[in-house]
Amino acid sequence: LAVVARSDLSMSAGKLAAQVGHAVHDAVTNVDPKKLEAWEEDGSMIVVLQAEGEASLVALERAAKKAGLEASDVRDEGLTEVESETFTALAIGPDLSARVDAVTGKLDVYREDP
């Protein structure tokens with residue numbers, strides 16, 4: 001399972017954690033039980049990656065769906081740091097890591113700017 005978060009929003013650590021949590025929750029509660037079981041047997045890996053801008057998340061979501069992967073988008077309610085309906089994060093999977101990596105493998109691990 002990969003969660004791709006927008007690095008251009010400069011979310012605080014707490015906000016980022018909340019968005020990743022929402023993405024993981026949506027991904028594991030809305031997936032076919034057989035895919036969830038296969039992901040768990042594959043180690044239940046979760047990685048948080050970064051992308052720059054909404055257009056990048058939209059393109060990744062399209063690529064994931066084209067590859068037959070589940071894609072769960074997170075749109076914020078706008079109560080704290082970002083505007084309402086901002087596309088903040090995208091979960092891809094859960095599925096076998098090789099399948100998720102085929103879509104997300106070129107992305108960088110999420111890192112806060114120093």
**OP:** Answer yes or no: is there a donor N or O on one side and an acceptor on the other, between the side chain of Trp39 and the main chain of Met45, under 3.5 Å?
**Re:**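 Yes, because the side chain of Trp39 sits within donor-acceptor range (under 3.5 Å) of the backbone of Met45.
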
**OP:** Verify, without hydrogens or angle tests, whether Asp42 (side chain) and Ser97 (backbone) share a donor-acceptor contact under 3.5 angstrom.
**Re:**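 The answer is yes, because a donor-acceptor pair under 3.5 Å joins these two groups.
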
Original post:
Is any NZ, NE, NH1 or NH2 atom of the basic residue among Asp101 and Arg99 found under 4.0 Å from an Asp or Glu carboxylate oxygen of the other?
Top reply: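 Looking at Arg99 together with Asp101, the answer is no, because their closest N to O distance does not fall below 4.0 Å.
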
Subject >> Pairing of Asp8 and Arg6 as salt bridge, 4.0 angstrom limit >> reply: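 So Asp8 pairs with Arg6 through a salt bridge.
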
How many angstroms lie between [atom1] in [X] and [atom2] in [Y], if you round to the nearest 0.5 Å?
| X | Y | atom1 | atom2 | answer |
| --- | --- | --- | --- | --- |
| Glu52 | Asp108 | CD | CG | 11.0 Å |
| Ile92 | Glu61 | CD1 | CD | 8.5 Å |
| Ser44 | Glu40 | OG | CD | 5.0 Å |
| Glu41 | Leu96 | CD | CG | 9.5 Å |

Smallest separation among heavy atoms of [X] and [Y], with atom names:
| X | Y | result |
| --- | --- | --- |
| Gly68 | Lys35 | O-NZ, 3.4 Å |
| Leu60 | Ala51 | CD1-CB, 4.4 Å |
| Ala91 | Ala27 | CB-CB, 3.8 Å |
| Asp73 | Arg75 | OD2-NE, 2.9 Å |

Subject >> Derivation of the side chain to side chain contact (heavy atoms under 4.5 Å, CB included) call for Leu57 and Phe87 >> reply: CA-CA 8 Å; Leu57 292 185; Phe87 191 174; 3.7 Å; yes

Are [Y] and [X] connected into the same hydrophobic cluster when the rule is that any two of I, L, V, M, F, W, Y join if their side-chain heavy atoms are below 4.5 Å apart?
| X | Y | value |
| --- | --- | --- |
| Val20 | Val82 | yes |
| Ile46 | Leu49 | no |
| Val74 | Leu16 | no |
| Leu90 | Val109 | yes |
| Val58 | Val3 | no |

**OP:** State whether a side-chain donor-acceptor pair under 3.5 Å links Asp76 with Gln19.
**Re:**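 Note: Asp76 and Gln19 side chains meet the donor-acceptor criterion.
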
Original post:
Quick one: do the Ser12 and Glu81 side chains pair a donor with an acceptor below 3.5 Å?
Top reply: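 Side-chain D/A pair, Ser12 to Glu81: present.
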
Original post:
Out of Leu69, Val31, Leu36, which one pairs with Asp95 under the side-chain contact (heavy atoms from CB on, under 4.5 Å) rule?
Top reply: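 Of the listed options, the one satisfying the test is Leu69.
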
**OP:** In sequence, state the C-alpha distance, the side-chain angles, and the governing distance for Leu1 and Val100, and then conclude on side chain to side chain contact (heavy atoms under 4.5 Å, CB included).
**Re:** CA-CA 7 Å; Leu1 173 62; Val100 175; over 6 Å; no

**OP:** Would you sort out whether Val24 and His22 count as a side chain to side chain contact (heavy atoms under 4.5 Å, CB included), showing the intermediate values?
**Re:** CA-CA 6 Å; Val24 170; His22 291 313; over 6 Å; no

**OP:** Report the C-alpha separation of Asn30 and Glu70 in whole Å, then their side-chain angles, then the decisive distance to 0.1 Å, and conclude whether the side chain to side chain contact (heavy atoms under 4.5 Å, CB included) test is met.
**Re:** CA-CA 9 Å; Asn30 295 319; Glu70 300 292 328; over 6 Å; no

